[in-house]
Amino acid sequence: MDIVILAVVIAVVVLGALGGLIVGSRRKKQLPPPPPAAPDITAPPAEPHVGDEAETPREEPRRTIEEVDLPDGSAPVVVEEPPAEAPAIEIPEPTAGRLVRLRTRLSRSQNALGKGLLTLLSREHLDEDTWEEIEDTLLTADVGVLPTQELVERLRERVKVLGTRTPEELRTLLREELLTLVGRDMDRAVKTEPEDRKPGIVMVVGVNGTGKTTTTGKLARVLVADGQSVVLGAADTFRAAAADQLQTWGERVGAHTVRGPEAGDPASVAFDAVKEGKEMGANVVLIDTAGRLHTKTGLMDELGKVKRVVEKHAPVDEVLLVLDATTGQNGLVQARVFSEVVDITGIVLTKLDGTAKGGIVVAVQRELGVPVKLIGLGEGADDLAPFEPEAFVDALIGE
């Protein structure tokens with residue numbers, strides 16, 4: 001029995017040894033080849049972390065509060081701003097012969113009057129129907145009833161005496177009669193140089209929308225172009241930005257502008273403007289007044305007050321009324337009311353290069369008994385020209 005047990009034990013040991021050898025050989029066959037050596041790769045810089053992933057801060061030298069230089073508070077820190085560039089001073093073109101240079105602009109819209117009359121007068125037989133057409137042409141051009149009747153009567157008489165009428169004779173005839181109607185002998189100089197004192201004082205008045213403030217600025221350019229120094233008084237304190245507009249015009253030609261608070265007393269601003277003009281030794285003070293409506297009596301009285309206050313310094317040399325030529329006969333109502341408040345000495349007709357009719361020059365002179373002294377022929381800064389009757393009539397009838 002012992003032999004049998006011993007044989008079983010030996011068999012088990014032998015089987016165990018054989019199984020271990022088999023398993024060991026299988027493991028050796030399944031092992032993969034050793035991996036190749038990994039290349040050296042430089043790790044990218046670590047990204048900053050927050051919270052639990054944050055790195056421990058490194059020790060760095062630090063200054064204490066005693067070691068930091070702090071401002072003592074004795075003087076505030078001033079940040080210097082670059083100086084604003086002054087606007088460049090413009091040199092306006094001379095006014096002599098300016099209307100002649102602008103005549104083409106005037107003739108584009110005005111010569112319908114002159115050419116229409118020349119066409120009618122060139123007819124072989126001038127019967128009553130033709131003369132009525134001539135009258136209608138003049139009335140349509142805003143010449144006015146009485147001046148139209150006078151011109152037609154003179155034309156009738158001269159054409160009858162002339163007999164045969166060549167085109168050149170008709171043109172000469174019409175030119176002479178229109179010059180008589182416009183008035184070649186009227187004094188059209190803007191009075192800015194009184195003999196006994198300085199400065200000359202000019203008030204500019206007119207209804208809103210006629211271009212009054214713009215005309216004042218352009219007039220400053222006219223005076224500067226003629227060698228005079230100018231102070232501008234922004235007495236139109238009722239219209240927003242009127243003072244800014246006038247000051248801009250003044251800065252462009254180097255004219256000083258006196259202004260007051262918005263909605264302030266216009267008479268006070270006008271008074272200060274003349275005062276500063278005296279102190280500066282200026283040649284001319286131009287006062288731009290509010291463009292108030294002529295139907296508001298109280299406001300028109302304020303305009304009279306401005307003139308009275310200014311005259312505490314010296315008499316006003318010129319009161320120029322600015323009229324929009326495109327309003328035609330309606331502008332005569334404005335002219336009439338203004339002339340009752342202040343003594344108008346001259347007319348400025350603006351927008352004569354547009355749809356205006358040239359006859360308004362004659363009508364407004366007859367209405368007020370004062371000459372047209374300046375006319376506006378465009379939107380440009382130098383499009384305000386002294387009125388010259390010959391150049392004006394030549395523009396009406398063409399060359």
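On a predicted model such as this, the values are computed, not experimentally measured, just so you know.
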Listed once per pair and sorted, the salt bridge (Lys or Arg N to Asp or Glu O under 4.0 Å) pairs that draw on residues 315-326, sequence neighbours left out: Arg197-Asp317, Glu318-Lys373, Asp324-Lys351
Pairs involving residues 333-346, ordered by first then second residue, that meet salt bridge (Lys or Arg N to Asp or Glu O under 4.0 Å) (sequence neighbours left out): Arg336-Glu367
Arg221 side, atom CZ; Asp383 side, atom CG - distance, nearest 0.5 Å: 10.0 Å
Please list, chain by chain and in numerical order, all residues satisfying side-chain hydrogen bond (donor to acceptor under 3.5 Å, both in side chains) with [X], sequence neighbours excluded.
| X | result |
| --- | --- |
| Glu262 | none |
| Gln245 | Thr214, Arg239 |
| Gln149 | none |
| Asp129 | none |

More than 12 heavy atoms of other groups within 6.0 Å of Lys278 NZ: yes
Any pair counted as ring-ring contact (aromatic ring centres under 6.0 Å, His included), so long as it reaches residues 302-327, sequence neighbours left out: Phe271-His313
Ring pair (Phe, Tyr, Trp, His ring centres under 6.0 Å) partners of His256, counting only residues at least two apart: none
Linked hydrophobic residues, Val161 as query - side chain contacts closer than 4.5 Å: none
Members sharing Leu139's hydrophobic cluster (side chains within less than 4.5 Å): Val145
Listed partners of Arg158 passing salt bridge (Lys or Arg N to Asp or Glu O under 4.0 Å), at least two apart: Glu176, Glu177
Set of residues satisfying salt bridge (Lys or Arg N to Asp or Glu O under 4.0 Å) with respect to Arg188, sequence neighbours excluded: none
Beyond-backbone contact of Arg154 with Thr180, side-chain heavy atoms, under 4.5 angstrom: yes
Note: Asp187-Lys191 ion pair, threshold 4.0 Å (strictly below): yes
Path from Leu396 to Val152 over hydrophobic side-chain contacts below 4.5 Å: yes
Minimum-distance pair of heavy atoms, taken over all atoms of Thr237 and Ala234: CG2-O, 4.0 Å
